[in-house]
*Asks:* 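Quick one: the structure is below, questions incoming.
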2 protein chains.
Amino acid sequence: MRILLVEDDVALGEGIRTALKPEGYTVDWLQDGASALHALGCESFDLCVLDLGLPRLDGLEVLRCLRTAGHPLPVMVLTARDATSERIAGLDAGADDYLVKPFDVAELKARLRALLRRSFNRPQPALEYRGICLDPQSQAVSYEGREVALARKEFLLLHELLAQPGRVLTRDKLQQALYGWDEEVESNALEVHVHHLRKKLFPELIRTVRGVGYMVDKP
Amino acid sequence: MRILLVEDDVALGEGIRTALKPEGYTVDWLQDGASALHALGCESFDLCVLDLGLPRLDGLEVLRCLRTAGHPLPVMVLTARDATSERIAGLDAGADDYLVKPFDVAELKARLRALLRRSFNRPQPALEYRGICLDPQSQAVSYEGREVALARKEFLLLHELLAQPGRVLTRDKLQQALYGWDEEVESNALEVHVHHLRKKLFPELIRTVRGVGYMVDKP
DNA sequence: CCCAGCCTTAACAAACGCTTAAGTCTGTAT
DNA sequence: ATACAGACTTAAGCGTTTGTTAAGGCTGGG
């Protein structure tokens, strides 16, 4: 689950990001409106947490552009001002939910969950593949009926792979799913995770495509 | 996937190139605007990464010429200055995306991918030819129903040939598809790869055109 | 019949990925 | 706070695959 966080306040941004990470989200964080708009155009996210008071391009403006372009992405707006007019403007511009600062992080999490649930309003179908069942809701995986305990990165990796069987996912693409685009990893961590998955499930599950990446065969 | 990189800073150029190579891109690197414009006119690329501050002919100028000539090539602009006016000028001149230095290589990769995805938004259909099926999605090749394991260069070569049946591809063109134009190969490697393909599939598949190159007959 | 160009083969070198184990970090319970 | 456990990353060694090179044989056109 990939989230774009747009927040210029460094302390708050860091706070939100660290709060969200353990939930299993991959958080990419930008600090101004222009970059955000740009990133939204180029990359794909599942959700955006958007502060309104931003340098270079106001959050409201970003939101309006996004909606004008017909982008359906769920957006959670953060606003420091609790002036009613502000909020109304936000919702008018196409926000799906808003939160007034200061807020409780727990509430943010809860609302994000709700938002995601609503937006993927089908209850996020569990992925099934050759005896493996992966449920995004509960972040649980089972193999032939028995629970398999996966670590967070392992889960993300498996999710990514199972979501597109029959396609090679480049190393890079996978790394992006596990890490944001900062925090790049400088080692063979990916290989290690793959190894762990193969061990916990079964080795043939993940096929390596030499020089390119990994894939799961079509069912 | 062939990329033209135009960057006068040697360290940066080298960095980008080595970062991009493992992604499977073939990177050709030039260091001034005039050569770049020339190469763009003569050779065919899938994408161009263009620095703006260039000797002999400014990047903006290159871009403008390219667009004036009606060239649709996706261009990623790099700029040291983050002056808004610069960026706007870049986008106006026909850039498809821009990145402000210093940037994270991971971000560059991500954006290039996005750019390519956008420009080639056709989902890369599988090629079929006389019992051979080559699927770019899964990077798999089969012959008469059975999987054939191809190495990376072999795959690239076959892809290139099957993409244009009935046309002779010069040795040179093929080498460029497999290697960039530096890193040129000084031996008969190409012949060897052709040989391997003929062995793994069937010998008549690839016809040699003496003194010129190779081809695959029209279906 | 000769030669350049191409094919074939085999040996070597390099790249790549797998595995393991040790280190580092994080969150949690004491 | 401290210590611990689990998660994650790093690093090194190893085996395998892939790619390059070179040498010698073959072949078709002059």
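Per chain, numbering begins at 1; letters A, B, ... match sequence-line order.
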*Asks:* Can you spot which of B/Val168, B/Thr170, B/Thr208 makes a side-chain contact (heavy atoms from CB on, under 4.5 Å) with B/Tyr214?
*Replies:*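 Among B/Val168, B/Thr170, B/Thr208, the one that satisfies the side-chain contact (heavy atoms from CB on, under 4.5 Å) with B/Tyr214 is B/Thr208.
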*Asks:* May I ask you to say whether B/Glu7 pairs ionically with B/Lys101, meaning some side-chain N is under 4.0 Å from a carboxylate O?
*Replies:*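 Yes, B/Glu7 and B/Lys101 are salt-bridged.
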*Asks:* Which nucleotide wins on minimum distance to the side chain of B/Val192, given the candidates C/dC7, D/dT9, D/dA22?
*Replies:*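 Nearest to the side chain of B/Val192 among the choices is D/dA22.
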*Asks:* Any base atoms under 4.0 Å from A/Ala189, or only sugar-phosphate, or nothing? Heavy atoms, all strands.
*Replies:*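 Contact class for A/Ala189: base.
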*Asks:* Once rounded to the nearest 0.5 Å, what's the spacing between atom NE2 of A/His159 and atom CD of A/Gln164?
*Replies:*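 Result: 10.5 Å between the selected atoms.
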*Asks:* Drop me the distance from B/Gln175's CD to B/Glu160's CD, to the nearest 0.5 angstrom.
*Replies:*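 Going from the CD atom of B/Gln175 to the CD atom of B/Glu160 covers 12.5 Å.
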*Asks:* Among the candidates D/dA11, C/dA4, C/dT20, find the nucleotide nearest to the side-chain atoms of A/His195.
*Replies:*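 The listed nucleotide nearest to A/His195's side chain is C/dT20.
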*Asks:* Can you tell me whether the side chain of B/Arg198 and the base of C/dT8 have a donor-acceptor pair closer than 3.5 Å?
*Replies:*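 Per atom types, no contact qualifies.
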*Asks:* Name the closest nucleotide to the B/Arg152 side chain, picking from C/dC6, C/dG17, D/dG19.
*Replies:*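 Looking only at side-chain atoms, B/Arg152 lies closest to D/dG19.
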*Asks:* What nucleotide, of C/dT19, D/dG19, D/dC8, holds the atom closest to the side chain of A/Asn188?
*Replies:*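 Side chain of A/Asn188 sits closest to C/dT19.
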*Asks:* Measure from the side-chain heavy atoms of A/Lys199 and tell me the nearest of D/dT10, D/dT20, C/dT20.
*Replies:*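 Taking heavy atoms from C-beta onward, the closest nucleotide is C/dT20.
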*Asks:* Using only side-chain N and O atoms of B/Arg210, determine if any of them is under 4.0 Å from OP1 or OP2 of D/dT27.
*Replies:*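 The answer is no; no side-chain N or O of B/Arg210 sits under 4.0 Å from OP1 or OP2.
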*Asks:* Give a yes/no on whether any side-chain N or O of A/Tyr179 is located under 4.0 angstrom from OP1 or OP2 of D/dT9.
*Replies:*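 Indeed, a polar side-chain atom of A/Tyr179 lies that close.
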*Asks:* Need one value for B/Thr208: base, sugar-phosphate or nothing, where a base atom within 4.0 Å counts as base even if backbone is also close, heavy atoms only.
*Replies:*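 The answer is sugar-phosphate, as B/Thr208 gets under 4.0 Å only of primed atoms, P, OP1 or OP2.
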*Asks:* Classify the nucleic acid contact of A/Val194 as base, sugar-phosphate or nothing, counting any heavy atom under 4.0 Å across all strands shown.
*Replies:*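 The residue A/Val194 makes no contact with any strand.
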*Asks:* If you look at every strand shown and take non-hydrogen atoms under 4.0 Å, does B/Tyr214 touch a base, only sugar-phosphate, or nothing?
*Replies:*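 Answer is sugar-phosphate: B/Tyr214 comes under 4.0 Å of backbone atoms only.
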*Asks:* Of all the nucleotides listed (C/dG17, D/dG19, C/dT8), which has the minimum atom distance to the side chain of A/Glu191?
*Replies:*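 For the A/Glu191 side chain, the nearest candidate turns out to be C/dG17.
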*Asks:* Among D/dG19, D/dC8, D/dT10, which is the nearest nucleotide to the side chain of A/His193?
*Replies:*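 Of the candidates, D/dC8 comes closest.
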